[in-house]
**Q** 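Below is one structure. I have some questions about it.
Numbers restart at 1 for each chain; the letters A, B, ... are given by sequence-line order, proteins then strands.
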Amino acid sequence: MQEEWIGKSRGATVNFKVKETGDDVPVFTTRPDTLWGVTYMSIAPEHPLVEKLVKGTPREAEVMAAVKKMRAGGTSEKELAEREKEGVFTGFHVVNPVNGEEAPLWVANFALMTYGTGAVMSVPAHDQRDFEFAKKYDLPIKAVIFPEGGLDEKEMAKAYVDKGEMKNSGPFTGENDNFGAIEKIIDWLDREGKGKGKGTVNYRLRDWLLSRQRYWGAPIPVIYCDDCGVVPVPEKDLPVLLPTDVEFKEGHGNPLASSESFVNCKCPKCGKDAKRETDTMDTFVDSSWYFLRYCDSKNDEKCFDPEIIKKLMPVDQYIGGIEHATMHLIYARFYTMVLHDLGLVDFTEPFERLFCQGMVCKTAYFCEKCKWLPETEVEFADAEAQNKTQGKVGKCKKCGKDGVTAEMTKISKSKLNIVDPDAMFDKYGTDCVRLYMLSDAPPDRMQIWAEDGINGAWRTLNRLWTMIVEKAGSCAPVDEAMMPTQLNSKNRDLRRKTHQCIQRVTESIEGGFQFNTAIARCNELLNMIRAFKKPINPAVLREVLETVVRIVSPIVPHFAEECWERLGRTESIFTAGWPEADAAVAAEEAIEIPVQVNGKLRSRIKVKPDESESSLRDTALADEKVKASIEGKEIVKVIVVPGRMVNIAAKG
RNA sequence: GCUGGUGUAGCCCAACUGGGAGAGGCGAUCGGCUUAAAACCGAUACAGUGGGGGUUCGAAUCCCUCCACCAGCACCA
């Protein structure tokens with residue numbers, strides 16, 4: 001995702017020239033294979049060449065009027081996306097360095113000054129956007145890449161952007177894979193050098209709000225003086241603090257600008273009256289290095305001591321919402337790389353591992369007139385409508401209008417679909433709410449908020465508690481918990497299950513924090529203890545109860561600590577560490593494997609876990625049920641997967 | 001439009017990465033306890049894995065295709 005966001009693209013910069021004036025107009029392209037199909041060029045309305053070229057020409061008025069209109073358009077991505085493609089001919093032409101051909105130079109609103117060089121070579125035959133523009137303004141279309149069935153420039157309904165054979169392409173004519181030839185063309189441009197162009201890597205890091213007209217954010221430490229110009233705030237005066245006397249008024253722009261005490265200051269250079277910068281930096285500026293400051297937060301000499309950073313960083317495991325993947329996390333990485341280059345940190349990546357948890361979602365309701373509605377303001381058409389997560393559900397209680405729609409989205413204050421967990425904490429306790437949330441779904445997945453399931457977590461904790469209280473007295477004493485060498489099969493089963501539980505929970509948590517399955521394993525073990533009719537061996541009992549409590553301790557820490565004490569432990573459970581499984585104890589004594597006939601389950605056989613292939617085959621074929629189902633049939637093949645299953649393919 | 005994710009029981013979700021469709025939980029039903037209800041205890045039922053096609057002895061899992069939902073990105077040359 002980050003790769004896409006920084007928009008790294010490899011391509012070439014190609015040096016076009018204005019025919020009439022000789023001005024350079026470099027362009028960036030990722031498709032140098034289409035260089036020979038250029039029929040016009042588009043430059044951004046903000047491009048400095050626009051004014052320079054048309055000044056004093058007969059077309060000046062017309063071009064500048066059109067350019068002015070284009071510049072007036074918004075620059076937000078949304079506006080850009082919805083805008084109609086427009087352009088105006090400058091009256092000038094450019095010369096294509098690869099073949100000397102001339103092409104008209106246009107100004108177009110879809111060319112962005114902030115990307116590449118602000119100029120786009122246009123190949124309408126092989127680029128959809130260029131194609132549309134060419135059709136609109138009746139510009140020529142020249143195909144240079146041909147699919148097997150050929151291509152008719154006059155009949156084209158859209159640009160041809162797939163693979164094909166290169167034609168009319170100078171030294172590359174005849175290449176039958178244009179995409180494969182791109183690298184060669186870039187090499188060729190590099191060799192040919194200055195006149196033509198060179199290989200280039202481009203990025204399109206978007207604006208990340210370094211300056212914004214808001215109160216919240218770190219002030220930019222800059223002062224404007226009439227005489228001295230832009231003057232940085234001297235180090236001794238840092239940091240510049242936000243004023244406390246600002247007035248927040250709707251529609252009055254930046255509140256900082258209206259704070260006299262903030263804006264008015266003295267020039268640090270000449271001492272005359274000066275004005276302070278009122279834009280602030282986005283909070284991303286701070287969140288890009290806070291993890292370094294945290295390591296040495298009390299340091300008032302410098303932002304951090306590199307020695308301490310060396311010890312503590314990088315972060316082993318970063319957990320955050322997916323919404324941070326493309327912004328905060330990129331900035332943090334970028335800052336770290338800069339600090340590395342400055343020699344302040346000895347690593348280039350701040351976070352070793354990343355885990356993105358899913359969002360908690362809940363149905364939100366929308367009324368055309370009253371906008372977002374809380375659930376209580378919706379009059380549902382029927383019981384079914386109440387459970388719908390999309391589409392029309394009923395009337396708005398506020399305005400009475402029908403047609404309130406439901407939508408499943410991330411819980412947010414603005415959409416009025418928030419839940420207040422306090423009531424749940426009061427009723428069930430934080431441990432119980434946490435257990436419920438973690439047991440409901442894997443954490444990387446979106447979770448639909450529902451309180452129905454919390455009873456399950458409540459019951460689990462109550463059962464475990466009751467069990468601990470009842471059985472604590474029957475456990476072997478803490479200090480003498482020697483495991484007997486001989487145990488009956490029931491006790492052996494319980495021990496096996498205990499150690500399997502440790503193994504599987506460890507896997508579940510290490511393999512992506514899958515607490516839901518970890519909790520399921522614990523429930524399984526608890527169910528097994530409850531199903532015990534006879535008394536459990538005291539040593540086994542201590543082992544199993546302590547195991548469960550230790551395993552759930554990261555999820556329900558307060559609860560686990562209480563249980564631990566009840567089991568006679570005096571040290572905190574968090575000094576006990578994570579339990580370790582004994583593989584020998586966890587190993588199965590006997591397993592049951594399925595026997596299929598033609599892929600359908602016909603019987604099950606009990607075998608040793610390491611039963612050999614031939615023995616499995618014989619046991620399966622000797623089974624009564626299997627015999628019955630293959631009677632009168634010819635055995636074509638017997639597939640044996642040791643430890644897993646037997647499948648008999650029979651015909652007739 | 002592009003990219004990624006998800007789709008399994010009435011509901012939330014498992015399934016050792018190709019091998020018995022069900023681990024855990026919610027809810028439901030029945031029974032026990034109770035004067036009764038809740039709680040608690042015990043038991044039971046419910047799907048053939050979004051649709052279609054393919055590969056295979058065998059597909060929830062792999063391939064193709066279509067559908068639905070969620071998320072991110074979207075004139076980036």
Side-chain angles (χ1 to χ4, degrees), chain A residues 1 3-5 7-9 11-12 14 27-32 34 41-42 44 77-85 108-112 114-123 127-130 132-133 202-204 206 322-323 325-326 356 358-359 361 387 389-390 407-410 435-436 439-442 444-448 450-460 462-463 466 503-504 507-508 514 516-527 530-531 592-604 636-641 643-650:
Chain A
M1 212 191 299
E3 221 164 87
E4 200 179 305
W5 201 86
K8 180 174 178 176
S9 45
V14 183
V27 300
F28 173 72
T29 179
T30 53
R31 293 289 308 273
T34 63
M41 179 183 284
S42 314
E77 294 192 339
K78 194 177 168 191
E79 280 173 289
L80 286 173
E82 286 168 0
R83 184 183 302 163
E84 173 80 0
K85 290 178 183 51
N109 63 348
F110 62 80
L112 308 172
T114 50
Y115 185 76
T117 62
V120 189
M121 64 176 220
S122 298
V123 187
D127 181 284
Q128 186 58 27
R129 186 191 50 197
D130 294 344
E132 286 166 22
F133 192 82
N202 223 317
Y203 298 90
R204 76 184 157 98
R206 269 167 290 182
I322 185 73
E323 70 273 21
T326 52
C356 288
M359 290 184 263
C361 297
N387 293 324
T389 57
Q390 58 173 314
E407 183 188 330
M408 178 63 68
T409 46
K410 168 170 112 171
L435 176 68
Y436 160 59
S439 65
D440 190 55
D444 53 343
R445 219 191 269 191
M446 163 190 97
Q447 183 171 14
I448 294 170
E451 295 181 14
D452 305 341
I454 193 154
N455 284 330
W458 178 250
R459 270 201 277 263
T460 299
N462 274 314
R463 281 172 180 168
T466 310
Q503 287 178 331
R504 299 186 63 188
E507 282 166 23
S508 293
Q514 293 183 58
N516 57 326
T517 52
I519 292 164
R521 295 291 87 77
C522 288
N523 273 321
E524 230 173 291
L525 193 51
L526 288 180
N527 290 344
R530 286 197 303 156
E592 194 186 59
I593 68 165
V595 181
Q596 303 174 342
V597 176
N598 291 331
K600 290 196 179 97
L601 178 71
R602 291 298 177 216
S603 184
R604 302 159 207 269
V636 185
K637 200 176 172 188
V638 179
I639 296 125
V640 180
V641 184
R644 293 255 17 121
M645 49 76 65
V646 176
N647 187 14
I648 299 159

**Q** Stepwise, does the side chain to side chain contact (heavy atoms under 4.5 Å, CB included) test hold for A:Glu507 with A:Thr517?
**A** CA-CA 10 Å; A:Glu507 282 166 23; A:Thr517 52; over 6 Å; no
**Q** Using purine N1 to pyrimidine N3 plus N6-O4 or O6-N4 for Watson-Crick, or N1-O2 and O6-N3 for G-U wobble, each under 3.5 Å, what pairs with B:rG4?
**A** B:rC70
**Q** Below 4.0 angstrom from OP1 or OP2 of B:rA77, is there any side-chain N or O of A:Arg129?
**A** no
**Q** Can you tell me, in whole Å, how much space there is between the P of B:rG52 and that of B:rU29?
**A** 33 Å
**Q** So, OP1 or OP2 of B:rG5: does either fall under 4.0 Å of a side-chain N or O from A:Arg445?
**A** no
**Q** Is the shortest side-chain N/O distance from A:Asn527 to OP1 or OP2 of B:rG25 below 4.0 Å?
**A** yes
**Q** Apply side-chain contact (heavy atoms from CB on, under 4.5 Å) to A:Asp444 and list each qualifying residue two or more places apart in sequence or on a separate chain.
**A** A:Phe355, A:Pro442
**Q** Between B:rC13 atom P and A:Arg521 atom CZ, what is the distance in whole Å?
**A** 17 Å
**Q** Return the CD to CZ distance between A:Gln514 and A:Arg521, rounded to the nearest 0.5 Å.
**A** 10.5 Å
**Q** Please state how far atom CD in A:Gln514 lies from atom P in B:rA23, giving the value in whole angstrom units.
**A** 18 Å
**Q** How many whole angstroms separate atom CE of A:Met446 from atom P of B:rG7?
**A** 11 Å
**Q** Which listed nucleotide (B:rG19, B:rG24, B:rC57) is nearest to the side chain of A:Lys637?
**A** B:rC57
**Q** Taking the same atom, C1', in B:rC70 and in B:rA77, what whole-Å distance lies between them?
**A** 31 Å
**Q** With sequence neighbours left out, write down each residue that passes ring pair (Phe, Tyr, Trp, His ring centres under 6.0 Å) with A:Tyr436, or none if nothing qualifies.
**A** none
**Q** For A:Arg31, does the CZ atom sit with more than 12 other heavy atoms under 6.0 Å from it, leaving out its own atoms?
**A** yes
**Q** Suppose you measure atom C1' in B:rG51 against the same atom in B:rC12; what distance do you get, rounded to whole Å?
**A** 24 Å
**Q** Take A:Ile448 and A:Gln596, find for each the nucleotide of RNA chain B with the closest heavy atom, and name the residue whose nucleotide sits nearer the 5' end.
**A** A:Ile448
**Q** If you only use heavy atoms from C-beta on, which nucleotide in B:rA23, B:rA77, B:rC57 is closest to the side chain of A:Ile639?
**A** B:rC57
**Q** In whole Å, measure the gap between the C1' atoms of B:rA38 and B:rC46 for me.
**A** 26 Å
**Q** Let's see if you can work this out: which of B:rC57, B:rC12, B:rG24 has an atom nearest to the side-chain heavy atoms of A:Glu524?
**A** B:rG24
**Q** Provide, to the nearest angstrom, the distance between the CD1 atom belonging to A:Ile454 and the C1' atom belonging to B:rG27.
**A** 16 Å
**Q** With both distances under 3.5 angstrom, what nucleotide forms a Watson-Crick or G-U wobble pair with B:rA21?
**A** none
**Q** A:Ala520 has a side chain; which of B:rG24, B:rC13, B:rG19 sits nearest to it?
**A** B:rG24
**Q** Please state the C1' separation for the pair B:rU34 and B:rC40 - nearest whole angstrom.
**A** 11 Å
**Q** B:rG24, B:rA14, B:rG58: which one has an atom nearest the side-chain heavy atoms of A:Asn523?
**A** B:rG24
**Q** Are any of A:Asn109's side-chain N or O atoms less than 4.0 Å away from OP1 or OP2 of B:rC75?
**A** no
**Q** Measuring to OP1 and OP2 of B:rG58, would you say a side-chain N or O of A:Arg602 lies under 4.0 angstrom away?
**A** no
**Q** I want to check one thing: is the phosphate of B:rG27, taken as OP1 and OP2, less than 4.0 Å away from some side-chain N or O of A:Asn455?
**A** yes
**Q** Would you classify B:rG48 as syn or anti? Syn applies when the glycosidic angle is within 90° of 0.
**A** syn
**Q** Nearest whole angstrom, please: distance from the P of B:rG25 to the CG of A:Asn462.
**A** 15 Å
**Q** For the C1' atoms, the ones on B:rU49 and on B:rG7, what distance do you get once it is rounded to whole angstrom?
**A** 9 Å
**Q** Both distances under 3.5 Å, Watson-Crick or G-U wobble: report the partner of B:rU44, or none.
**A** B:rA28
**Q** Check A:Asn455, A:Ile519, A:Leu526 against A:Thr460 for a side-chain contact (heavy atoms from CB on, under 4.5 Å) and give me the one that passes.
**A** A:Leu526
**Q** Now, which nucleotide makes the Watson-Crick or G-U wobble pair with B:rA60, with each of the two distances under 3.5 Å?
**A** none
**Q** Distance check: side-chain N/O of A:Arg459 vs OP1/OP2 of B:rA39, anything under 4.0 Å?
**A** no
**Q** Check the distance between B:rC41's P and A:Leu526's CG and give it to me in whole angstrom.
**A** 12 Å
**Q** For B:rA23 and A:Arg504 - does any side-chain N or O of the residue sit under 4.0 Å from the phosphate oxygens OP1/OP2?
**A** no
**Q** Write down the distance separating the C1' atoms in B:rC16 and B:rA60, rounded off to the nearest Å.
**A** 15 Å
**Q** Report yes if a side-chain nitrogen or oxygen of A:Arg31 is closer than 4.0 Å to either non-bridging phosphate oxygen (OP1 or OP2) of B:rC76; otherwise report no.
**A** no
**Q** Between B:rA45 and B:rG10, how far apart are the two C1' atoms, rounded to whole Å?
**A** 12 Å
**Q** Which atom names give the shortest non-hydrogen contact between A:Val595 and A:Ile648, and what distance separates them?
**A** CG1-CD1, 4.2 Å
**Q** Does OP1 or OP2 of B:rC41 have a side-chain N or O of A:Arg463 closer than 4.0 Å?
**A** yes
**Q** Short question: side chain of A:Asn647, backbone of A:Ile639 - any donor-acceptor pair under 3.5 Å?
**A** no
**Q** Can you measure A:Trp458 atom CH2 to B:rG25 atom P for me and round it to whole angstrom units?
**A** 18 Å
